[in-house]
Every structure is written in C-alpha cells, then in structure tokens.
Amino acid sequence: MPAPEQLIRFDRLRERLLHAGIASRHVRRTLTELGEHFDDAVRDGRAKGLTAAAAEISAWERLGNEDEIVQGVLDRPELRSLPARYPRAISAVGPALLWVTVTIGSGFLVAGISTALQMTGTGIIPAPRTSIEPLWLQNLMNTVLFVYMRILPIAIGAWMAAVFARLHVRSWAFIGAALVSLLSAFSTFSIVFPQVIGEGGELNVGFGAKLEELPTVLMLAAVNIALILSAYWLAHRRLKT
Amino acid sequence: MAPRKTNPEFMTGVPELLILRLLSDREMYGYELVQAIEAATGEAIKVGEGVVYPILHALEEQGCLTSKRKPVNGRTRVYYTATAAGKKRLGALVSEWQRITDAVSGLVKGAKHARA
C-alpha cells in the first residue's frame, strides 16, 4: 500500500495535471507508472543498505521534483485532452453535439437491433403484428424518451461544465450550457402507439414551439441552464477548496 | 545532495533520441530504461527520472512506441518497444544530431586553430 506521503504528493500531482488539461487517462497512467518507478527506486535504495526513510528520500530525488514532472507532461501536447486543446469550440458546441449524437445514435442502435432480431425470426414484436404493445411497454418507452429529452441534456451539460471548470473557460461553458438547454427544450420527440391491431404507430420528431407554448419552453430551457450552471459552480467550488 | 542534472535547454530532444535508440534493441520498462540510459551514457546524462514517462506516452501517442503490461516476479510492468515508425524517427533524429555535433565540433576545432 502506498505511504501517506506518496498519496499526498501524487494527489497534488494529479490535481495539477488535470487542472492543466492533461487527459485523465494519461494522468492515471503517468501516476501508476511513477508509483511503480518509486517502489523500484526505494527497493534499490534498501538493497544498497539505506534505511527505509533514506531510501524514500533518495527515490523522490531520483524521480525529480513536482514542477519538473508537471512541466515534462505539459511539454507534450499529445497528452492534453481534446477539451484542453480546443477549449472554446468544445465547451460551446460540445454538450449540444454530444446530446444530439447520443440521442440519434441510440435511436439507430435500437432500430438496428430490432430489425436484426426480426430478420432472424426472433423479433420481440412479431411480424405480422398480432397484438398492440402492452401498457407497461408503452410506459417504459415514454420514460426512456423522457430521460433522453429532459434528463440527458442536463447530465451531459453538467458533466462537460464540470470538466470545463478545470480549464477556466467560463464564458464559453455558459454558451455551451445555453445551447444544449435551448436545443433540448425546443426539440420534441414522441411516440404514438397504435390502439388497434393493423394500425401503424407514429414517431414524431420536431423542433420549435407554438407561440402559446413559448413561455413553457423558455422556462424549461431556463431550468436546464440553471441546473447545468449549478454543476459548474459546484465543480468550481470544489476545485477552489 | 541531489544528483547534478544536465542543462535542460541543451537536453531538449536528447532523451527522445536515447529512448528510441535503446528501445529499438529490446523492450524495456521505465525504470529499466532510465538505468540503461545512465549506463549507456556513463551517467553523463541525468534527468529527473519522472520525466521519462511523458516522453514514453507521447511517443506512443505518435505511434513510435507500443506498450504492453506484463507480469514479472509477481508484479506487472509496462514494457515499451519501438515500432517501425519509431525506428524511422530515430534515423531522422540521429541524422539531425550528427549534423549539429559536426557543426559544433567544426566550430570548436576552428576556435582551437585560431588560438594556436
């Protein structure tokens, strides 16, 4: 198990690297390998007759000081995360783009799986249709739709806002939050299930709002923005402490 | 006392060359590589050992190295080895290094002759 001193130093190093925009997978990897290197150096020191404390001091000296290691990582742009390389573009359009991609992508995925199942004769909904969808299935699909349309944009926006809190691109993160909130609030997506056997169902996708719906839609967008920015504020506060 | 470090400005690019050179011969893990650098250069080149990892990771991102975790004596270690692209890169770095050292040698010799 790593010594408390090692944990403190590596925690500080982790925070500095993440704060500087290094991709988390590279931070994790760097710290793992540095920890293994440190263990090897301590073992070597002990083999040379040093006390445990002296071997640790020697191992830290060999590893180099924290500034040197941080600078060594920062000198390598390949190790920076995509948001750190293009912070403005990604913080502004990233949340909206990610939400649209995930929503459309999973729609295609479900349609693909369903088609494949029907083609292999193991369709969940047999063709030709012999019954209408049971109520539980209708409720489940409406719940999934609600998650995609109302929860997912906030979750994606909040997650990206927390990522960007480290990079100090506040104004662009606000634009990103506003974009994904407006886009999701103005988007409509609904399923009309057939009520009679032989009747077709409907899948409605749209964008926009009627004049009388405008206050509700804008209110929804405002709530989304507020929730996303709360996540940004919490992440920012956590980083400060 | 902390070991004397080589001038970092002068050393830019040199660790990369040494790493690619050593990993072209055989695969090594980070700690082993640092020791190999010191042994190969007669300890003339000493850098903070921690800075070898960002170089390794960056070279891997560029496709010059590949890595794999292997169990050795009850522990696992990340072994690195140079790819074909890494060997090509090494060739370019060696040529560049040769060009610079020839130029500097010529200048130093010229200064000696001028003094004599």
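Residue numbers start from 1 in every chain, and the chains themselves are labelled A, B, ... in the order their sequence lines are given, proteins ahead of strands. Basis for what follows: all heavy atoms, side chains included, without hydrogens, waters or symmetry-related copies.
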Should we say atom CH2 of A:Trp60 is surrounded by more than 12 heavy atoms from elsewhere, each under 6.0 Å from it? yes
Are there over 12 heavy-atom neighbours, none belonging to B:Lys70, within less than 6.0 Å of that residue's NZ? yes
Option among A:Arg29, A:Glu33, A:Glu36, A:His26 that satisfies the side-chain contact (heavy atoms from CB on, under 4.5 Å) test with B:Tyr53: A:Glu33
Options A:Val73, A:Asp40, A:Leu63, ranked by heavy-atom pairs under 4.5 Å with chain B, top entry: A:Asp40
From A:Thr30 OG1 over to B:His57 NE2, what is the distance, rounded to the nearest 0.5 angstrom? 5.0 Å
Could you grab the distance from atom CD of A:Glu68 to atom CD of B:Glu49, nearest 0.5 Å is fine? 10.5 Å
Give me the atom names and distance for the closest heavy-atom approach of A:Arg76 to B:Ala58. CD-CB, 3.3 Å
Any idea which heavy atoms bring A:Gly72 and B:Pro54 closest together, and the distance? O-CB, 3.5 Å
Determine all donor-acceptor pairs shorter than 3.5 Å in which one atom belongs to a side chain in residues 220-230 of chain A; sequence neighbours excluded.
from: A:Asn224; atom 1: ND2; to: A:Ser184; atom 2: OG; distance (Å): 3.3
from: A:Ser230; atom 1: OG; to: A:Ala226; atom 2: O; distance (Å): 2.7

The interface call for A:Ser58 against chain B, heavy-atom contacts under 4.5 Å, is neither
Name the region of A:Ile69, side chain, backbone, both or neither, that has any atom closer than 4.5 Å to a heavy atom of chain B. both
Residues A:Arg62 and B:Glu38 bridged, charged N to O under 4.0 Å: no
Taking the side chain as every heavy atom from C-beta outward, state whether B:Arg69 and A:Thr32 have any pair of such atoms under 4.5 Å apart. yes
Using heavy-atom distances under 4.5 Å, tell me whether B:Glu60 contacts chain A through its side chain, its backbone, both, or neither. side chain
